[in-house]
Amino acid sequence: MLLVVVSQLAVTGGFFSQGSLSTLTPLIGILTLVAVGQAFVISTGGVDLSLPGTMTWVGAIVLEHSGGADEGLPGALLLCVGVCVLVGLVNGVLVEGLGLNSLVVTLAVGQLVLGCAQLYRGAVSPVQKVPGSLAAWATAGVGGISAILLASVALAVLTTFFLHRVVAGRRLVAAGTAERAASLTGIRAPLYRSAAYVIAALVYGVGGVLAAGRTGTPDLTLGEPYLLTSVVAVVLGGAALAGGRVSPMATLMGAVFITVLDFDLRVLGLSAGARLIAQGAVLVLGLAMVNVVRHRAELGRALRRLAA
């Protein structure tokens with residue numbers, strides 16, 4: 001909230017104008033979608049680095065398989081679902097089934113997926129535009145507020161309900177928060193944590209489809225901007241990278257913060273390198289703040305001992 005006020009008063013002077021909102025809200029919406037997917041994986045104690053490759057391959061499928069025609073879009077979307085489920089299953093089996101490191105596994109899977117996307121799309125695509133119906137929906141909005149943002153808010157609300165009120169969601173939280181306790185109560189924790197990778201990949205797919213619709217002609221860098229920013233948004237939402245509870249609504253606020261910060265830095269004329277430095281600094285600060293909040297009692301006792 002403070003950053004929005006600063007943006008309005010000291011940076012843009014027209015933050016709430018229809019032009020600014022029409023630029024910002026779809027970016028916030030897509031980042032929120034993929035960050036919610038990333039939150040599922042982070043809740044298990046992992047980080048999913050296959051996100052950019054998954055989004056890029058989905059974008060290539062939407063463009064190529066549909067042939068740019070509306071009648072080809074349903075088949076393209078079904079293929080996207082199959083690809084996302086496959087990527088999620090591979091990640092889940094390798095990490096939870098074989099006990100491999102999530103960073104190494106998802107990085108390798110992400111490179112494989114990105115290579116498949118490049119081979120699938122080819123050097124020069126004969127199709128130049130995604131189907132018109134997808135582009136129309138991805139660019140639609142009300143009063144400058146993108147339909148993508150409204151959909152992402154709905155997803156955050158539904159995900160919160162799923163994690164807190166649905167049995168499967170509560171078991172998923174238990175599997176990531178306290179594996180030993182979950183196993184003792186009969187919950188198949190590895191199965192639920194593997195499912196988190198599949199859910200995450202499906203959410204990345206939705207984000208990739210909408211990002212492709214918004215750009216019109218998705219290229220092979222479609223998913224790159226969302227790797228670091230998705231992690232930062234989840235961390236700013238109070239999640240710990242070691243695993244545990246996550247808050248989709250807080251992740252939404254983290255996505256708003258990151259997007260507005262990048263928007264302000266662009267308005268101020270900072271280079272891409274400077275913006276990456278700012279995002280990295282925010283991630284470090286966010287991690288530090290989460291650690292301070294989680295261990296405030298111990299820190300308080302340590303400070304009192306020093307004062308004494």
Side-chain angles (χ1 to χ4, degrees), residues 1 3-4 24-51 54-55 84 88 91-92 102 106 145-178 182 192-211 223 225-261 282-283 286-287 289-290 293-294:
M1 297 295 292
L3 182 62
V4 169
L24 275 172
T25 53
L27 298 177
I28 295 172
I30 295 173
L31 178 55
T32 299
L33 286 171
V34 298
V36 168
Q38 186 74 261
F40 274 94
V41 176
I42 289 178
S43 71
T44 69
V47 175
D48 193 350
L49 301 183
S50 67
L51 183 158
T54 304
M55 291 185 67
C84 291
N91 283 332
S102 65
T106 56
I145 306 297
S146 171
I148 297 177
L149 176 58
L150 298 177
S152 69
V153 172
L155 175 67
V157 172
L158 290 174
T159 304
T160 301
F161 179 81
F162 171 74
L163 292 176
H164 294 280
R165 293 290 182 266
V166 178
V167 173
R170 292 172 66 86
R171 288 178 176 176
L172 177 60
V173 172
T177 305
Y192 280 94
R193 291 198 301 271
S194 297
Y197 284 91
V198 178
I199 294 172
L202 287 170
V203 177
Y204 304 155
V206 175
V209 170
L210 295 177
Y226 299 100
L227 177 57
L228 177 60
T229 52
S230 66
V231 177
V232 174
V234 178
V235 171
L236 289 179
L241 292 177
R245 291 183 179 274
V246 294
S247 170
M249 296 305 297
T251 298
L252 167 64
M253 299 307 296
V256 173
F257 183 91
I258 289 298
T259 307
V260 173
L261 176 64
V282 168
L283 176 58
L287 285 170
M289 291 177 65
V290 169
V293 171
R294 288 179 180 272

Considering non-hydrogen atoms only, spot the tightest contact between G92 and S194 and give its length. O-OG, 3.4 Å
If you measure from CG on L51 to OH on Y204, what distance do you get to the nearest 0.5 Å? 5.0 Å
Heavy-atom pair of closest approach, residues A233 and A35: CB-CB, 3.9 Å
Can you pull the side-chain hydrogen bond (donor to acceptor under 3.5 Å, both in side chains) pairs that have at least one residue in residues 230-245, sequence neighbours excluded? Q38-S230
OG1 of T32 to CG of L252, rounded to nearest 0.5 Å, is 4.5 Å
For C84 against G205, the heavy-atom pair lying closest together: SG-CA, 3.6 Å
Does R170 have any side-chain contact (heavy atoms from CB on, under 4.5 Å) partners at least two apart in sequence or in another chain, and if so, which? none
Can you tell me how far CD1 of I28 sits from CG of L149, rounded to the nearest 0.5 angstrom? 6.0 Å
Any residue meeting side-chain contact (heavy atoms from CB on, under 4.5 Å) with L210, in chain and number order, not counting sequence neighbours: L33, W137, I148, V206
Given side-chain contact (heavy atoms from CB on, under 4.5 Å), test L49 with L227 step by step and report yes or no. CA-CA 7 Å; L49 301 183; L227 177 57; 3.7 Å; yes
On a heavy-atom basis, the closest approach of G223 and M55 is CA-CB, 4.0 Å
Nearest heavy-atom neighbours spanning T251 and A39: OG1-CB, 4.3 Å
Do you know which two heavy atoms are closest between A200 and G37, and how far apart they sit? CB-O, 3.1 Å
Using the side-chain contact (heavy atoms from CB on, under 4.5 Å) definition, which of the options L163, L202, V234 pairs with F40? L163
Quick one: side-chain contact (heavy atoms from CB on, under 4.5 Å) partners of T160, sequence neighbours excluded? H164, P248, M249
Run the side-chain hydrogen bond (donor to acceptor under 3.5 Å, both in side chains) test against Y197 and tell me which residues pass, sequence neighbours left out. none
Among residues at least two apart in sequence or on other chains, which ones pass side-chain hydrogen bond (donor to acceptor under 3.5 Å, both in side chains) with N91? S50
Backbone N/O of L31 and side chain of S152: donor-acceptor pair under 3.5 Å: no
Only counting residues at least two apart or in another chain, list the ones meeting side-chain contact (heavy atoms from CB on, under 4.5 Å) with S43. V246
